[in-house]
Colleague: 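The structure that follows is given in the form of structure tokens.
First the proteins, then the strands, lettered A, B, ... as listed; each starts at 1. On a predicted model such as this, the values are computed, not experimentally measured, just so you know.
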There are 2 protein chains.
Amino acid sequence: MIDPPMTDISKKSQIYNAAARLFRKKGYKATSMQDIANALDIKAASLYNHISSKQEILKFLLINIADAFTSGMKDIEESSLDDIEKLEQLVILHVDLTLRYKDSIALITGEWVHLENPYLDQYLKQRNQYEKRFLTILKRCQKHSHIDAKINLDIALFSILSSLHWLYNWYNKNKSISKIELSRQLKLILLKGIINI
Amino acid sequence: MIDPPMTDISKKSQIYNAAARLFRKKGYKATSMQDIANALDIKAASLYNHISSKQEILKFLLINIADAFTSGMKDIEESSLDDIEKLEQLVILHVDLTLRYKDSIALITGEWVHLENPYLDQYLKQRNQYEKRFLTILKRCQKHSHIDAKINLDIALFSILSSLHWLYNWYNKNKSISKIELSRQLKLILLKGIINI
DNA sequence: GCTTTGAACTAACAATTGTTAGTTTACATG
DNA sequence: CATGTAAACTAACAATTGTTAGTTCAAAGC
């Protein structure tokens, strides 16, 4: 979540939320501080009472999601589920986070390139590790013959992650479908194809 | 293709190519005319001897790819292949165009939002039609029981297209794999899961 | 009631943006 | 040689960018 005080939503959080929505719609570079300020009915300069820079907003949003994925992965790894169930749980994790972080999740498909360098490195490192851990689970599935030996797991991983990362884009115009059903369908479509029997 | 004269590559084409590479790496808004000019070792103002505006470059690149997809779809629809073979052929089409238009293909995942409005509408219309025609083929597969009835085809379509649109991003760091093998794997991974026996 | 503080404001900044106008240079054609 | 053209150049433009400094105002804490 984004809101520290439980009374009502803090101004800082409001800024993050508004920025996320705008970054999603127009992109980071095309979103001006004026745009963000307008969304909150204040002047651009007033934003700096709450945040230190535009870049800090992007950093906050991206590091936040990255952490959410990392911690979700950890929970799944440490569970006692078998490998296929772990894959299913990863699908659910992505659906979950997509619905929870509706706007800022969009940044991971492209806007992260505008992150600057102490944090860009951190973000990419975290992302690479996530993919590596995802791949490890796939490898164990293949080793135990749950995935056909002729499947190239690098391609399978990229394919699965593409769909899951792109989900945010598709979901907003199809809100009719329930979260449960969405997860069920994605497990079918993404996993059934690579799991024998 | 991008090069009209067959002698050597025209300046206009060089501009389109350089811009595509930069748009891909930094995004449309973050790429300045100076950036493009620097890539060609000329001054920014000199670009206007060959092109009329930055927006025109984006328009050219996007309409070009959209046309390539539309015409590829038409060829497949008019072929005498059965529906499953048509799906396989669509996968090949995407792989083909991804390798052919290495850079500008990247624009379709996000930078199209910066297209302005006579052309934005045209682009989106073309894209929607493409998806509709893709879906039609999927529906026929399901009607003839090649795809399980419990699969939601809207989700299946979005999932397939996500992987195929994202391919450009993955391919550059994995050039070791051949085009043939890549198509084969994607057909397996994307289609085998939704096609019965 | 005085003081502190949070949060808005105005004004200004230096830099960068896309683009235009006018000029110069190099080369090919007559 | 003279001329025309293609394509580079310089200089300048108006607008917008993110950000800083300094100020004002209202509410909270003492």
Colleague: Please state how far atom CD in B:Gln34 lies from atom C1' in D:dT10, giving the value in whole angstrom units.
Modeller: 13 Å

Colleague: By nearest atom, which of the nucleotides D:dT10, D:dT19, D:dA8 is closest to the A:Ser53 side chain?
Modeller: D:dT19

Colleague: So if I take every side-chain heavy atom of A:Ile42 and compare against C:dT20, C:dC9, D:dT19, which nucleotide ends up nearest?
Modeller: C:dC9

Colleague: How close or far is atom P of C:dT25 from atom NZ of B:Lys43, stated in whole angstroms?
Modeller: 16 Å

Colleague: For B:Gln14 and D:dA7, what is the distance between atoms CD and C1' respectively, to the nearest whole Å?
Modeller: 13 Å

Colleague: Taking the minimum atom-to-atom distance to the side chain of A:Lys54, which one of D:dT19, C:dG18, D:dA8 wins?
Modeller: D:dT19

Colleague: Within this structure, what is the CD-to-P distance between A:Gln55 and D:dT17, rounded to whole angstrom?
Modeller: 17 Å

Colleague: Assign the ring pair A:Phe60 / A:Tyr16 to parallel, tilted or perpendicular, where the plane angle (0 to 90°) is split at 30° and 60°.
Modeller: parallel

Colleague: Taking for each residue the nucleotide of DNA chain C bearing the nearest heavy atom, is the 5' side occupied by A:Ser46 or by B:Tyr28?
Modeller: A:Ser46

Colleague: Rounded to the nearest Å, what distance is computed from the NZ atom of residue A:Lys12 to the C1' atom of nucleotide C:dA7?
Modeller: 14 Å

Colleague: For A:Met33 and D:dG18, what is the distance between atoms CE and P respectively, to the nearest whole Å?
Modeller: 7 Å

Colleague: Verify whether one side chain among B:Glu181 and B:Gln185 offers a donor that lies under 3.5 Å from an acceptor in the other.
Modeller: yes

Colleague: Can you check whether A:Ser32 has a side-chain N or O nearer than 4.0 Å to OP1 or OP2 of D:dT16?
Modeller: no

Colleague: Quick one: A:Lys29 NZ to C:dG18 C1', roughly how many Å, whole number?
Modeller: 15 Å

Colleague: Measure up the A:His144 and A:His146 rings against each other and bin them: parallel (under 30°), tilted (30 to 60°), perpendicular (over 60°).
Modeller: parallel

Colleague: Does A:Ile108 form a side-chain contact (heavy atoms from CB on, under 4.5 Å) with A:Arg127? I'd like the steps, not just the answer.
Modeller: CA-CA 10 Å; A:Ile108 68 181; A:Arg127 187 189 181 106; 4.1 Å; yes

Colleague: What's the OH-P distance between B:Tyr48 and D:dT10, to the nearest Å?
Modeller: 17 Å

Colleague: For B:Asn49 and A:His50, find the nucleotide of DNA chain C closest to each by heavy atoms; which residue's nucleotide sits nearer the 5' end?
Modeller: A:His50

Colleague: Looking only at side-chain N and O atoms, does B:Asn49 offer a donor or acceptor that is under 3.5 Å from a partner on B:Ser46?
Modeller: no

